[in-house]
Protein chains: 4
Amino acid sequence: MGSTPKARRSGTRERIQRTALDLFVSRGYEKTSLREIAEELGVTKAALYYHFKTKEDILTALSDELGRPVDELVAWGREQPPTPEIKRELLRRYSEALRDAAPIYRILQENQATLRELNIGAALRERLAAVGALLQAGAGSLEGRVRCSSAMAAVHFGALDLDGLPGEKEEKRAAVLRVGLEILDSAIREETAAALDAVG
Amino acid sequence: MGSTPKARRSGTRERIQRTALDLFVSRGYEKTSLREIAEELGVTKAALYYHFKTKEDILTALSDELGRPVDELVAWGREQPPTPEIKRELLRRYSEALRDAAPIYRILQENQATLRELNIGAALRERLAAVGALLQAGAGSLEGRVRCSSAMAAVHFGALDLDGLPGEKEEKRAAVLRVGLEILDSAIREETAAALDAVG
Amino acid sequence: MGSTPKARRSGTRERIQRTALDLFVSRGYEKTSLREIAEELGVTKAALYYHFKTKEDILTALSDELGRPVDELVAWGREQPPTPEIKRELLRRYSEALRDAAPIYRILQENQATLRELNIGAALRERLAAVGALLQAGAGSLEGRVRCSSAMAAVHFGALDLDGLPGEKEEKRAAVLRVGLEILDSAIREETAAALDAVG
Amino acid sequence: MGSTPKARRSGTRERIQRTALDLFVSRGYEKTSLREIAEELGVTKAALYYHFKTKEDILTALSDELGRPVDELVAWGREQPPTPEIKRELLRRYSEALRDAAPIYRILQENQATLRELNIGAALRERLAAVGALLQAGAGSLEGRVRCSSAMAAVHFGALDLDGLPGEKEEKRAAVLRVGLEILDSAIREETAAALDAVG
DNA sequence: GATGAATGAGACTTCATTCAT
DNA sequence: AATGAATGAAGTCTCATTCAT
């Protein structure tokens with residue numbers, strides 16, 4: 001309570017976050033020093049420590065903010081029945097959620113080894129695992145689970161890694177999502193068939 | 001290519017590589033210090049410098065050795081015609097190649113941000129891009145390319161990340177490969193259909 | 001002497017002093033940061049600076065307040081003749097004065113190295129030296145002076161360090177004082193004997 | 001095993017210890033920075049870290065070395081019967097042991113607050129408590145214990161604090177020891193008397 | 001009577017690397 | 001084939017203090 005200054009007076013806190021995000025994405029978390037962030041902003045290192053308790057704290061704040069859409073998605077998903085249509089909707093929304101959250105997940109992905117020892121790594125990974133679990137809900141076979149994972153992976157890594165491909169951003173996202181849905185469909189088809197077998 | 005100078009004497013070079021690999025995998029490249037490697041081995045840091053010119057050099061040597069199977073796969077692929085069957089074979093062999101090379105690719109993946117500025121990052125990424133290009137050969141549409149990428153991604157990340165899933169290692173690899181092939185098949189089907197359309 | 005400026009308003013100044021005293025005793029002067037004091041009090045560091053000009057000032061105010069009894073004792077002692085009975089009374093009163101002043105003298109003792117460079121260290125040490133001088137007044141031999149010092153040391157360190165011993169506080173103080181008086185008596189006896197020798 | 005370089009090649013380790021001891025005594029442990037030690041020695045800070053793992057380690061090494069005489073004294077004392085003569089001998093030897101160990105005990109005394117949180121503080125204090133316990137062995141009354149403590153305190157603080165008094169060092173030590181023995185004798189007399197009372 | 005924001009200095013520590021032996 | 005000693009650069013963090021509001 002009152003430990004983190006709520007301050008809306010000078011906006012420095014926000015500027016720190018934005019600068020840090022940029023640098024974490026472009027140079028990596030570990031390789032970005034607080035000196036760099038401070039210099040880029042034209043403040044002293046000590047100013048950073050006025051606004052954030054540690055370096056990790058900057059990343060945590062970023063993740064809490066940008067990761068919220070995925071958090072909300074998980075919350076929503078948990079209240080729905082695990083029907084095929086809901087799963088498709090889940091994947092659709094996941095693709096959307098990633099649109100904004102992409103930078104933070106890219107940081108997570110590209111700095112896994114470094115973040116593994118930080119609390120935040122776990123937090124982010126749990127969010128992803130939760131989405132995965134919702135998609136896999138009810139999947140019986142190993143292969144079924146792998147298909148669901150692959151559908152999510154297509155969307156996830158597509159969102160992060162496809163900068164290299166030619167084409168417009170939104171268009172590419174749509175393509176990636178369609179492929180993800182295809183894979184998900186194949187998973188659903190198989191499960192349904194298996195279920196019918198078991199019954200009939 | 002003279003990777004092992006005169007070696008064969010005391011095996012220290014090999015021991016360094018093995019220890020480094022373990023530590024790079026478990027603690028990350030950046031977070032692993034030469035002191036740690038040396039201590040774990042019971043030698044001095046200076047000894048490491050007798051065998052390797054720099055820290056990066058240790059990783060490079062590791063990558064040259066473990067990455068060879070994928071290199072050879074690319075070489076082989078380039079001499080084959082881009083038929084569906086060849087593509088399927090390519091994916092199969094890729095899955096196999098990853099079996100041994102997994103650690104090095106895991107290091108690459110989990111330390112991307114760090115390695116981006118090192119030569120070796122590029123080298124490893126190129127190998128992967130080459131496999132991807134072979135799989136995508138002749139793909140006309142954006143969606144087609146995304147499908148091929150996803151097929152490869154399924155196999156690739158499956159190989160690295162599925163330690164968490166239950167089941168025996170080899171069994172999981174097989175499942176992942178089957179799913180990858182499914183996705184690849186869907187890509188091929190579409191391309192073929194599109195080609196027929198264009199013709200007929 | 002204007003030690004409390006206009007005060008009497010919200011009592012914050014006093015609360016700062018009390019909190020600081022506690023922390024200086026338990027964590028040491030150097031190791032206690034203004035941040036800690038402020039946090040413990042639920043105010044900002046800047047608030048401390050409204051009431052005190054520097055960190056040292058807080059300690060000085062504390063010392064002026066708590067050290068007064070010893071100051072008064074010294075003033076009293078200087079107006080008395082250096083008779084044995086006065087010396088005994090001096091030691092008795094010193095023991096009493098320390099009852100309240102103990103914390104500040106403990107701080108002095110446990111942070112000597114740190115305070116040596118601050119003015120306040122000297123101030124406190126002078127007070128003690130003054131008591132010592134009064135007790136030694138007229139002591140001819142080195143041994144006599146050592147005896148007087150030891151008598152005072154017994155009382156002084158007894159007051160500070162005997163928390164560890166079993167027994168009730170006031171009871172222990174009495175025991176320590178008795179031992180101190182014994183030592184003082186031995187000093188006086190010797191001096192008297194020596195004086196008689198010289199005369200007779 | 002091999003963690004501390006045994007090195008006798010350049011003597012830097014010893015020079016570090018000597019310089020650190022001087023600075024710790026004159027400026028205090030906390031106030032002495034590694035930069036100062038390094039500069040005074042004409043080496044870099046990193047060189048200090050080659051020889052000692054932390055700042056505290058330098059102090060620990062110093063204490064292990066200089067504190068040995070007191071350690072040995074405690075060991076000896078524990079094997080003797082607690083007779084009056086042994087106690088007197090103990091105090092005599094303690095006075096001697098302090099002759100060399102004085103600097104380290106002075107550091108302990110003047111930096112108590114700082115060292116309290118370090119392991120080493122406890123270690124040193126335990127040594128002193130052990131001597132105190134040996135002197136008090138068999139003391140029945142609170143006053144008896146206080147007398148023994150005072151005897152030891154006279155010798156201890158005499159050794160550390162009497163630099164201010166006039167006279168030659170060794171001469172002052174002798175005087176302090178004599179006074180200490182006097183106080184110890186008074187303690188012994190009382191205990192003996194009390195014992196006789198109980199019996200007769 | 002007190003806060004929010006910021007600073008400048010400096011602390012301890014770790015790292016990759018070098019080189020004479 | 002390897003060691004002991006040392007370096008220079010850099011990193012994260014904490015502190016007492018200031019000042020406009």
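Per chain, numbering begins at 1; letters A, B, ... match sequence-line order.
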Q. To the nearest Å, how far apart are C:Leu118 CG and F:dA16 P?
A. 12 Å
Q) Just how far, in rounded Å, is P of F:dG11 from CD1 of A:Ile58? A) 14 Å
Q. At under 4.0 Å, does any side-chain N or O of B:Ser33 touch on OP1 or OP2 of E:dC15?
A. yes
Q: Take D:Val43 and C:Ala46, find for each the nucleotide of DNA chain F with the closest heavy atom, and name the residue whose nucleotide sits nearer the 5' end.
A: D:Val43
Q: Measure from NZ on B:Lys55 to C1' on E:dC15 and round the result to the nearest Å.
A: 8 Å
Q: To the nearest Å, give me how far apart CG (C:Leu48) and P (F:dC15) are.
A: 13 Å
(Q) With a 4.0 Å cutoff (strictly under), does any side-chain N or O of D:Arg35 reach OP1 or OP2 of E:dA11? (A) yes
Q) Quick one: on DNA chain E, does D:Lys45 or B:Thr54 contact a more 5' nucleotide (nearest heavy atom)? A) D:Lys45
**Q.** Under-4.0 Å side-chain N/O to phosphate OP1/OP2 contact, C:Tyr49 with F:dT17
**A.** yes
Q) Has B:Thr12 got a side-chain N or O lying under 4.0 Å from the OP1 or OP2 atom of F:dA1? A) no
Q) CD of A:Glu126 to CG of A:Asp71: how many Å apart, nearest 0.5 Å? A) 10.5 Å
Q | Flag side-chain contact, heavy atom, 4.5 Å: D:Ile37 against D:Phe24 | A | yes
Q: Tell me which of B:Glu30 and A:Ala47 sits closer to the 5' end of DNA chain E, going by the nucleotide each one is nearest to.
A: A:Ala47
Q) Without hydrogens or angle criteria, can the side chains of C:Arg13 and C:Tyr50 be said to hold a donor-acceptor pair below 3.5 Å? A) no
Q. Do any side-chain nitrogens or oxygens of C:Tyr50 fall under 4.0 Å of OP1 or OP2 in E:dG1?
A. yes
Q: Please give the nucleotide sitting opposite F:dA20 as a Watson-Crick or G-U wobble pair, both distances under 3.5 Å, or none.
A: E:dT3
Q: Whole angstrom is fine here: how far is it from CG in A:Leu23 over to P in F:dG11?
A: 12 Å
Q: Return the value, rounded to whole Å, for the distance between atom CZ of B:Phe52 and atom P of F:dA1.
A: 13 Å
Q. Over how many whole Å does the gap from C:Leu59 atom CG to F:dA16 atom P extend?
A. 13 Å
Q: State, without any angle test, whether D:Ser63 and D:Arg127 hold a side-chain donor-acceptor pair at a distance under 3.5 Å.
A: yes
Q: Report the distance from atom NE2 of A:His51 to atom C1' of F:dC13, rounded to the nearest whole Å.
A: 16 Å
**Q.** Carboxylate-amine/guanidinium proximity below 4.0 Å for D:Arg27 and D:Glu36
**A.** yes
Q. More 5' along DNA chain F: C:Glu56 or D:Gly42, using each one's nearest nucleotide?
A. D:Gly42
Q) Is there a Watson-Crick or G-U wobble partner for F:dC15 with both distances under 3.5 Å, and if so, which one is it? A) E:dG8
